[in-house]
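Contents: one structure, followed by commentary.
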There are 2 protein chains.
Amino acid sequence: MTDPNALADDPLARLPGYLLRRAANAMMTDLAARLAVIDLRISDASVLLLIAGRSDMTSSEIGRVLEIQRANMVPLLNRLESAGLIERRPLDRKSQAIGLSAAGEQCLAVVRNVTDTFEEHLLARIPAQHRAHFVPALMALLA
Amino acid sequence: MTDPNALADDPLARLPGYLLRRAANAMMTDLAARLAVIDLRISDASVLLLIAGRSDMTSSEIGRVLEIQRANMVPLLNRLESAGLIERRPLDRKSQAIGLSAAGEQCLAVVRNVTDTFEEHLLARIPAQHRAHFVPALMALLA
DNA sequence: TATTGTTATACTCTATAACTATA
DNA sequence: TATAGTTATAGAGTATAACAATA
C-alpha cells in the first residue's frame with residue numbers, strides 16, 4: 001500500500017476497461033485544472049473549439065455532436081454567454097445560431113494553446129512504439 | 001449532423017484526450033448497464049474484485065488502491081453491507097477489515113462473469129494490430 | 001408531427017472540511 | 001501526531017420528463 005500510484009497491489013491494474021477509466025479520469029483532471037486557470041470547464045472548451053470558424057450551429061446541434069443532452073446545453077451556453085464568449089443569432093422564431101463573440105475569438109486562442117499543450121503532454125507520456133496505435137484504438141471503441 | 005456517432009463533423013474527433021474521454025464514457029456506460037442487472041455499480045464491482053480472496057484490507061486501504069476518497073467509501077461499503085455482500089471484522093478498536101460474505105463470494109462469481117465478458121467485448125472492438133498496444137499506452141498515462 | 005429551447009428534477013461521482021476516537 | 005471511520009456538504013456531469021412555441 002506504499003506504492004504511490006496504488007496499482008501494484010491492484011488485481012484490476014491490467015484490465016483494459018478499468019485502465020481506460022482510470023486513465024481518462026487522470027487526464028481529464030489534468031485538463032480541467034489547466035482550463036480552470038481561464039475559468040472554463042472541459043465542456044465549455046469543447047463547445048468553443050467546435051463552433052470555431054462557424055456560426056451556423058444551434059444549441060441542439062452542438063449537443064448532438066458533443067453528446068451533451070439538449071437540456072444540459074442550456075446552463076452551459078448561458079454560462080458562456082454571461083462570460084461574453086458567445087452570441088445568439090435568431091435563425092427563425094424557434095432556433096438560434098451560436099457564434100463566438102470577439103471576446104470568444106480571443107478566448108479561443110488561449111483555449112487552443114491550453115488544449116494543444118495538454119494533448120502534446122498526453123501523447124508524450126505514451127511510449128513511442130505504442131503512440132500511433134492509441135487514437136485508432138480509441139476510435140474503434142466509439143465506432 | 002446525420003452521422004449516427006456524431007464524429008464526422010467534430011473537429012475534436014481525432015484529439016487523443018477528447019477521444020479518451022468519449023471512449024471511457026461509452027465503455028463505462030456499457031459496463032454500468034451490464035452491472036445494473038445484478039444491482040451493482042462499477043465502484044461496487046471494483047471493490048468486490050479487489051477484496052476477492054483476502055479479508056485484510058480496511059476501508060481506507062481499499063479507497064487508496066481504487067482511488068476512492070475515504071469519505072466516499074462509507075456509503076459504498078454501507079450499500080454492499082446492506083446487500084449482504086461484505087462483512088466487517090474489527091482489527092482493533094479503530095480499524096475494520098472488509099471481507100466477502102458467503103453471498104458476496106457467490107456474487108463475485110457473477111461479477112467476474114460480467115466483467116470478463118465486458119473486457120473481452122472491449123478488446124474485441126479494437127483492431128488486432130492495435131490491440132496489444134492499448135494496455136501499455138493506458139498504463140503509461142497513469143505512471 | 002417533430003423539433004427547439006427551456007424548466008425542473010434527480011442521481012452519480014467526486015472533492016473537501018471537520019469531527020471523534022484510536023493508533 | 002498521524003490515521004480510521006464518519007458526517008455533512010458542494011460541485012460537476014449526466015439523465016429523464018414535461019411544457020410551450022414553432023417548424
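Below, all heavy atoms of this structure are taken into account, side chains as well, without hydrogens, waters or symmetry copies. These numbers were taken from a predicted model, which means no experiment stands behind them. Sequence lines set the chain letters: A, B, ... in the order given, protein chains first and strands last, and positions in each chain run from 1.
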Is there a chain of hydrophobic side chains (I, L, V, M, F, W, Y, each step under 4.5 Å between heavy atoms) that links Ile38(B) to Phe118(B)?
yes
Please give, in whole Å, the distance from dA15(C) C1' to Leu76(B) CG?
15 Å
What's the CD-P distance between Gln96(A) and dT4(C), to the nearest Å?
12 Å
Take the protein atom CZ of Arg41(B) and the nucleotide atom P of dT14(C), then report the distance between them rounded to whole Å.
11 Å
May I ask you to decide if Met139(A)'s main-chain N or O and Arg14(B)'s side chain share a donor-acceptor pair within less than 3.5 Å?
no
In whole angstrom, what separates Met73(B)'s CE from dT7(D)'s P?
14 Å
Taking only N and O in the side chain of Arg79(A), is any of them less than 4.0 Å away from OP1 or OP2 of dA12(D)?
no
Base contacts versus sugar-phosphate-only contacts with protein, heavy atoms under 4.0 Å: please encode nucleotides 16-23 of chain D as B, S and - from 5' to 3'.
BBB--BBS
Are more than 12 heavy atoms from other residues, nucleotides or ligands located less than 6.0 Å from atom CD of Gln106(B)?
no
Which pair of non-hydrogen atoms, one from Gly84(A) and one from Ala103(A), has the smallest distance, and what is that distance?
O-CB, 3.6 Å
Figure out the CG/C1' separation between Leu77(A) and dT4(C), and round it to whole Å.
13 Å
Most 5' of Asn78(A) and Thr29(A) on DNA chain C, judged by nearest nucleotide:
Asn78(A)
Output the rounded distance in Å from CD1 (Ile68(B)) to P (dA4(D)).
16 Å
N/O (side chain, Ser60(B)) to phosphate O (OP1/OP2, dG5(D)) under 4.0 Å
yes
Of the candidates dT6(C), dG13(D), dA4(D), the side chain of Ser43(A) sits closest to dG13(D)
Measuring only between side-chain heavy atoms, which start at C-beta, is Phe134(B) closer than 4.5 Å to Leu141(A)?
yes
Any salt bridge linking Asp92(A) with Lys94(A)? Criterion: basic side-chain nitrogen under 4.0 Å from a carboxylate oxygen.
no
For residues 134-143 of chain B, which residue pairs qualify under side-chain hydrogen bond (donor to acceptor under 3.5 Å, both in side chains), counting only residues two or more places apart or in two chains?
none
When the distance from CG of Leu91(A) to P of dT3(C) is rounded to whole Å, what number comes out?
17 Å
Rounded to the nearest angstrom, tell me the gap between atom CE in Met28(A) and atom P in dG11(D).
23 Å
The answer to which of Asn25(A) and Arg88(A) contacts DNA chain C further toward the 5' end, by nearest nucleotide, is Arg88(A)
